[in-house]
Amino acid sequence: MVHALEKVHSLLQPRGVMIDVQEIPYWRWLGVLGNEGVRLIKSHTSSKNYTDNRQAFAAMASVIDQGLFALDDERTFDAYTHADTVDDLVEYFTSPISEKTIQSLKALLERAGSGAKVVVRQPTRMVRLQAV
């Protein structure tokens with residue numbers, strides 16, 4: 001990954017910017033978005049292997065230490081993914097969702113009425129690096 005960032009650096013003009021956006025590992029909130037706003041019902045621990053995320057963070061630290069990039073900005077935020085149905089949400093996830101959670105989401109979605117969506121709130125990290 002360091003090699004890829006070194007290549008990006010060679011393509012950027014001085015003071016050019018690279019932005020990296022990644023999930024913050026391990027948990028998400030599941031819920032329903034209806035007329036009354038978002039109702040989050042369940043914390044879902046992901047079984048996804050976050051080795052790539054950790055390696056990417058380490059690679060960014062390495063190119064900063066090498067003096068190729070300067071850290072220009074770093075922030076965390078919640079990224080929301082919306083699905084029309086619970087089945088769509090289950091298909092989206094790479095890790096299994098319990099049957100109890102699926103049934104809770106379906107009941108909540110039905111109570112929320114027309115136009116309601118299933119929603120996933122995923123903590124996310126954005127890093128903006130500036131070429132030196």
Side-chain angles (χ1 to χ4, degrees):
M1 287 188 188
V2 171
H3 177 71
L5 291 173
E6 291 170 343
K7 181 67 175 174
V8 169
H9 181 267
S10 74
L11 298 171
L12 289 173
Q13 294 180 0
R15 300 188 51 82
V17 173
M18 184 200 88
I19 296 175
D20 179 73
V21 179
Q22 294 192 41
E23 297 175 354
I24 295 175
Y26 305 125
W27 66 271
R28 301 172 171 154
W29 284 94
L30 309 176
V32 170
L33 172 64
N35 294 334
E36 298 175 6
V38 177
R39 178 155 182 222
L40 299 170
I41 63 162
K42 178 74 175 165
S43 173
H44 178 74
T45 303
S46 176
S47 61
K48 175 181 171 183
N49 182 343
Y50 285 97
T51 301
D52 288 346
N53 297 65
R54 286 190 289 275
Q55 289 174 343
F57 295 150
M60 284 187 280
S62 176
V63 294
I64 290 169
D65 288 345
Q66 291 176 36
L68 297 176
F69 287 95
L71 179 62
D72 189 40
D73 192 12
E74 178 180 9
R75 57 186 70 196
T76 58
F77 59 93
D78 289 330
Y80 288 85
T81 301
H82 298 247
D84 290 327
T85 68
V86 175
D87 292 337
D88 289 345
L89 177 74
V90 170
E91 188 176 316
Y92 164 78
F93 266 83
T94 56
S95 53
I97 300 173
S98 73
E99 189 59 35
K100 180 180 177 184
T101 299
I102 290 171
Q103 294 309 316
S104 295
L105 285 169
K106 285 182 177 181
L108 188 57
L109 187 61
E110 187 175 315
R111 283 195 309 272
S114 138
K117 305 275 187 196
V118 182
V119 66
V120 179
R121 184 177 82 186
Q122 172 66 59
T124 304
R125 177 180 177 201
M126 183 278 305
V127 175
R128 188 170 63 209
L129 300 177
Q130 189 171 60
V132 177

Practice item. Would you indicate whether the side-chain heavy atoms of V120 and W29 approach each other to under 4.5 Å? Key: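 No, every pair of side-chain atoms sits at 4.5 Å or beyond.
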Check your understanding: With clusters built from Ile, Leu, Val, Met, Phe, Trp and Tyr whose side-chain heavy atoms come within less than 4.5 Å, directly or transitively, what are the remaining members of the cluster of L129, listed by chain and number?
Key ->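 Joined to L129, directly or through intermediates: V2, L5, V8, L12, M18, F57, M60, V63, I64, L68, F69, L71, V127.
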Could you tell me whether the side chain of [X] and the main chain of [Y] form a donor-acceptor pair under 3.5 Å?
X	Y	result
N53	E23	yes
T124	Q122	yes
Q130	A70	no

Review point. So, D20 and Q22: side-chain donor and acceptor under 3.5 Å apart, yes or no?
Key: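 Short answer, yes.
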Review point. Does one side chain, of T101 or S104, offer a donor that lies under 3.5 Å from an acceptor on the other?
Key: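 T101 vs S104: no donor-acceptor pair found between side chains.
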Search all heavy atoms of [X] against all heavy atoms of [Y] and return the closest pair with its distance.
X	Y	answer
G67	V132	O-CB, 3.4 Å
A116	G34	CB-CA, 4.2 Å
V32	V119	N-CG1, 3.9 Å

Same cluster or not: [X] versus [Y], using hydrophobic residues (I, L, V, M, F, W, Y) connected whenever any side-chain heavy atoms lie under 4.5 Å apart?
X	Y	value
I19	F77	yes
M126	V17	yes
L30	Y92	yes

Practice item. Could you grab the distance from atom NZ of K100 to atom CD of Q103, nearest 0.5 Å is fine? Key: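 Answer for the NZ-CD pair, K100 versus Q103, is 12.0 Å.
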Practice item. Can you measure from CD1 (I24) to CG (D78) and round to the nearest 0.5 angstrom? Key: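 Atom-to-atom, I24:CD1 and D78:CG are 8.5 Å apart.
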Exercise for review: Would you indicate whether E91, at its atom CD, is surrounded by more than 12 heavy atoms from other residues, nucleotides or ligands within a distance under 6.0 Å?
Suggested key: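 No, not enclosed.
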Exercise for review: Could you list all the side-chain hydrogen bond (donor to acceptor under 3.5 Å, both in side chains) pairs where at least one residue sits in residues 58-77, not counting sequence neighbours?
Suggested key: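 Applying side-chain hydrogen bond (donor to acceptor under 3.5 Å, both in side chains) to every pair that reaches into residues 58-77, excluding sequence neighbours, yields S62-Q66, D72-R128, D73-R75, E74-R125.
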Exercise for review: Only counting residues at least two apart or in another chain, list the ones meeting side-chain contact (heavy atoms from CB on, under 4.5 Å) with V86.
Suggested key: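 For V86 the side-chain contact (heavy atoms from CB on, under 4.5 Å) partners, ignoring immediate neighbours, are V90, I102, L105, K106, L109, V118.
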